[in-house]
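Accompanying notes for the structure given below.
Proteins get letters first, then strands, A, B, ... in listed order; numbering begins at 1 in each.
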Protein chains: 2
Amino acid sequence: MTDRVTLKDVAARAQVSYQTVSKVLNRQTRVSTATEKRIHDAVRALGYTPDQRARNLRAQRSYMLGYSWRPDSPNQVNPILDLFMHSMVAAADAVGYHILPFPHPDPEDHIDKYRDLIRTGRVDGFVLSSVEYQDSRIRFLQREKFPFVAFGGVAEPSAMYVDVDGTEGMRLATAHLIAQGHTRIAALGWPKESRVGELRLAGYVRAMRGAKLPVRARWVARGTGSVETGYQATQHWLQGGERTRPTAIVAVTDVLAIGAMRAIQESGLRVGADIGVTGFDDTPLAQYLTPGLSSVRQPIWQAGQNVIDLLVHCLEQEPLAQTRVVLNPELVIRPSSLLHADNTSEIAITHNE
Amino acid sequence: MTDRVTLKDVAARAQVSYQTVSKVLNRQTRVSTATEKRIHDAVRALGYTPDQRARNLRAQRSYMLGYSWRPDSPNQVNPILDLFMHSMVAAADAVGYHILPFPHPDPEDHIDKYRDLIRTGRVDGFVLSSVEYQDSRIRFLQREKFPFVAFGGVAEPSAMYVDVDGTEGMRLATAHLIAQGHTRIAALGWPKESRVGELRLAGYVRAMRGAKLPVRARWVARGTGSVETGYQATQHWLQGGERTRPTAIVAVTDVLAIGAMRAIQESGLRVGADIGVTGFDDTPLAQYLTPGLSSVRQPIWQAGQNVIDLLVHCLEQEPLAQTRVVLNPELVIRPSSLLHADNTSEIAITHNE
DNA sequence: ATCATTTAGGCGAACGTTCGCCCGAACGTT
DNA sequence: AACGTTCGGGCGAACGTTCGCCTAAATGAT
C-alpha cells in the first residue's frame, strides 16, 4: 500500500543507472567494490525487493505450478491432501516457485481450465493427480508440449510421474498376515476399472502365490470404497464354516477395512485375535479405531518433494537423472493384524526383499 | 510454448491499433459495429487471451490471495483444510482471483514471509487462519494497511473476519443431551490459553445454566486434544458411583470424544445407551466409529465463500454490508448421544432459539 | 454556411524488470 | 608509440497491458 521501492529509487541513491543495479543484484556484471557497496547499502536502506510481476512479464514466466485435485466425494476422507499440498508448497517455495490451486472442473471442460491457465501465462507447469486410464489432460498437455508431472503412474511414454508402488504395499500387508500364520486370506478391492485398485490387488496375489497359498475368486470382492461394501462382503465370508472361512482380510482402503472390522465385531469375533485386518492409506482414522488398524502408509511428503523437484528441473532445463520415480510404501502395524496384541505400540516395516 | 498471441496480432488482423482492441475488449469505448465485429472475429480466429502477467504489472495487482495454514501436528486430522481450501479456491476463481498457499513458517519469522509476499507484489490480500490471542500478523498487516480477512474471531477492531460460533455449537450439543434426559453432564476442553476452547466451553455452561443444571468444576477437564486426555479424564469420572457419576460427556474435539468412548467401552458400559457422548468438528472419523459419534459440524464451505467474498469486496473497493460474519454450526446426531438407537440415520439440527 | 458536439479510433506513456550492445578509460603488450 | 584487452558502467529496447489525451470526420443546432 505504501509506495513501492523500485530499481530506479535504489539507483538514484547509489548514483548509478538502474540497469546497473539490476545487474549487480543478479551478479551479471562486475563493478568496483565501492559502487557495489553503495548499491547494497541503498538496497538495505530503502528496503528494496524486486517486483515479481515485472519479472514475470519480462521473463515470460510466472513461477507458478498449477494443481487441482478431485474433491473427494462430499464426506470422504482426504488425508492425502493436507500433507501432499504442504509438501509441494514447501518444496516449491524452497526453489522460488509457488503452487496455484484451481478448482477441479467437470471432466468435460477440464481442458478449458488448463488451456486458460496456460494462455494467460498464469502457470509454468502442472501437477496432475488422480489421473485416469486415458486421461485427456495428458494428451492435451503433451500435444501442447507444456510441462507437467503426474502423481500416480501414467502409461504415456515420455510423461514424467511420481508413483507409489501400490502392488508392493499390498504385498507387504498380505505377507505380514501370512507371517502371522494366516493361510486363508480374503481381499477387498475396488471395481475392475480402477487402475490403482487392480495394481494393489496384484500385490495380494503376488504375496499369496509367493507363499504357495491359493487365491480363490470368491475371496476377492470388489466394490465402491464404502463401509457398506466391506461390511457386506465380510459378513458373507464369515458365514462359511469356522474351518473354511478366511482368517484374515486385506483391504485396498481403510474405509473398506472399517466395514470388515464392523462385520467381524458384530458377529462376535475379535479383530486381530480371530480375524486379521489391514487397510490402506493410513488414514488418520486407522489409529483411532479400536483396535487400531494396520495400514499401508504412502510416503506422501516424499512424493510431493519429488513431484516438484522433477517439474522444476524440467522447467529450468536442468538435466534430471530420472523422469519417473516410484516410491515404496510402508506397513504400519497395529493390533488389528496381530494374533496377540502384547504391545500397543506401532511399528512400521518397509520393503525388504 | 507455442508463440503467444498478443493484442498486436489481433490488431493487425482487424486493421486497428492494438490499443483500440484493448478498449473494445474491455468495453471502454464505442466503435462502429463493423470494426467491433472485425475485432471479435480476429480474437476468435487467433485464439487471443490476455496475458495476466502484463495485466498484473500494469494494474499493480496480482489477483492472488495468500493463505497459509498450520500443518496440524504430524499425524493429526485436518478435515477442515480440504473443504476450506476448495471452497476458497472455487469462490476466488469465480471472481477472477486465485489462492496462493505458502508454507506456515516458524512463529518468529512469520512476518518476513508476509512482508516478502507483499513487497514482491505476489499477493493482493491475505486469508489468515488459526489466529492467536495477540497475533503479530494482524498487528503487522494493520500497520501496513494491507487487506486481510481472518477465519476465526479476532479482537482487533476494524479487522474483518468470518467466524463460527463455537459457543453456540457446544450449547447445541449440550442442550441435545439435556433433551435426552441427561442431567449430569461433564465436559472435555482445551487448555485455558485456547480462545476457541474457552468459547466452546462457554456454550456448555450456558446450556447447563439455561436448564438450571449444576456446573461442577471437577466435571470440566482440560488438556491437549489427544485421545489419552479424553480417556483418562473419562476413566476418572467413571470411578464415581453409578448415581453420582456423569451420564453424558461433551467434548470440544472429536479426538477427545474418542478417548471418552474408549474409556466408556472398556469399563463395560455402552456409549449412547449408558453414557452419551458428543464431539466437535464432525471429522470424517465421527461417522466411521462404532457407534457413530454425534458431532458439531462447522459450515466450512460457507465460511470459505464468505472469507473470499469479504476480501475481494474489500480489494475492489466495493461497499460491503458487513465486515464480520458469524456463522452457526449444526449438530449432527448419531447413536453416540442417543439413549436408544432405533434409527441409524443421521439427523442434523441447527440453531433454533 | 458556421459553429458546437458527438463518434470512431489513433497514439504516447507507463508499470518494473532484464538483456544485449555500446563506449570510455585504464591497463598491459609488442 | 601504437594497439588489443579488460574493467566499469551507461543506454535503448522489450515483455503485453491499460489509461488518458488527442484528432479527424461526421453529425446536429443555429
Given C:dG9, is OP1 or OP2 found less than 4.0 Å from the side-chain N or O atoms of B:Gln28?
no
Whichever of B:Ala54 and A:Ala59 has the more 5' nearest nucleotide on DNA chain C, that residue is B:Ala54
For a quick test of reading the model: is some side-chain N or O of A:Arg55 closer than 4.0 Å to OP1 or OP2 of C:dT18?
yes
For the side chain of B:Pro50, starting at C-beta, report the closest nucleotide among D:dT17, D:dG9, C:dG16.
D:dT17
Would you indicate which nucleotide in C:dG12, C:dG9, C:dT18 comes nearest to any side-chain atom of B:Gln19?
C:dG12
Which is it for B:His40 and B:Leu25 under the side chain to side chain contact (heavy atoms under 4.5 Å, CB included) test, yes or no, and what are the steps along the way?
CA-CA 8 Å; B:His40 281 115; B:Leu25 260 34; 4.2 Å; yes
Should the side chain of A:Lys23 and the base of D:dG8 be counted as holding a donor-acceptor pair, with the cut-off at 3.5 Å?
no
So, OP1 or OP2 of D:dC15: does either fall under 4.0 Å of a side-chain N or O from B:Tyr18?
no
From the set D:dG10, C:dC11, C:dG16, return the single nucleotide nearest to any side-chain atom of A:Asp51.
C:dG16
Short side-chain N/O contact from B:Thr20 to OP1 or OP2 of C:dA8, under 4.0 Å:
no
Of all the choices, D:dG16, C:dG9, C:dT18, which nucleotide is nearest to the side chain of B:Arg4 once you look at every atom?
D:dG16
Can you measure B:Ile39 atom CD1 to C:dA8 atom P for me and round it to whole angstrom units?
12 Å
So B:Asn56, base contact, sugar-phosphate only, or nothing? Heavy-atom distance under 4.0 Å.
nothing
Options D:dC21, D:dG9, D:dA14, nucleotide nearest the side-chain atoms of A:Thr29
D:dG9
Within the pair A:Gln52 and C:dG16, is there a side-chain N or O less than 4.0 Å away from OP1 or OP2?
no
Which nucleotide, D:dG10, C:dT17, C:dC15, lies nearest any side-chain atom of A:Leu7?
C:dT17
Would you please classify the geometry between the B:Phe146 ring and the B:Phe126 ring as parallel, tilted or perpendicular, with 30° and 60° separating the classes?
tilted
A:Phe140 ring centre to A:Arg137 NZ or CZ under 6.0 Å, with the angle to the axis within 45°?
no
Looking at B:Ser32, does any N or O in its side chain come under 4.0 Å of the phosphate oxygens OP1/OP2 on C:dG9?
yes
With the threshold set at 4.0 Å, does a side-chain nitrogen-carboxylate oxygen contact exist between A:Arg115 and A:Asp112?
yes
Taking a pair to mean Watson-Crick or G-U wobble geometry with both distances below 3.5 Å, D:dT18 pairs with C:dA13
C:dT30 -> Watson-Crick or G-U wobble partner, both distances under 3.5 Å, gives D:dA1
Under 3.5 Å, is there an N or O donor on one side and an acceptor on the other linking the side chain of A:Arg58 and the base of C:dT17?
no
Taking any heavy-atom pair under 4.0 Å as a contact, classify A:Ser22: base, sugar-phosphate, or nothing.
base
Exactly one of B:Phe148, B:Phe102, B:Phe84, B:Tyr97 clears ring pair (Phe, Tyr, Trp, His ring centres under 6.0 Å) with B:Tyr67, and that residue is B:Phe84
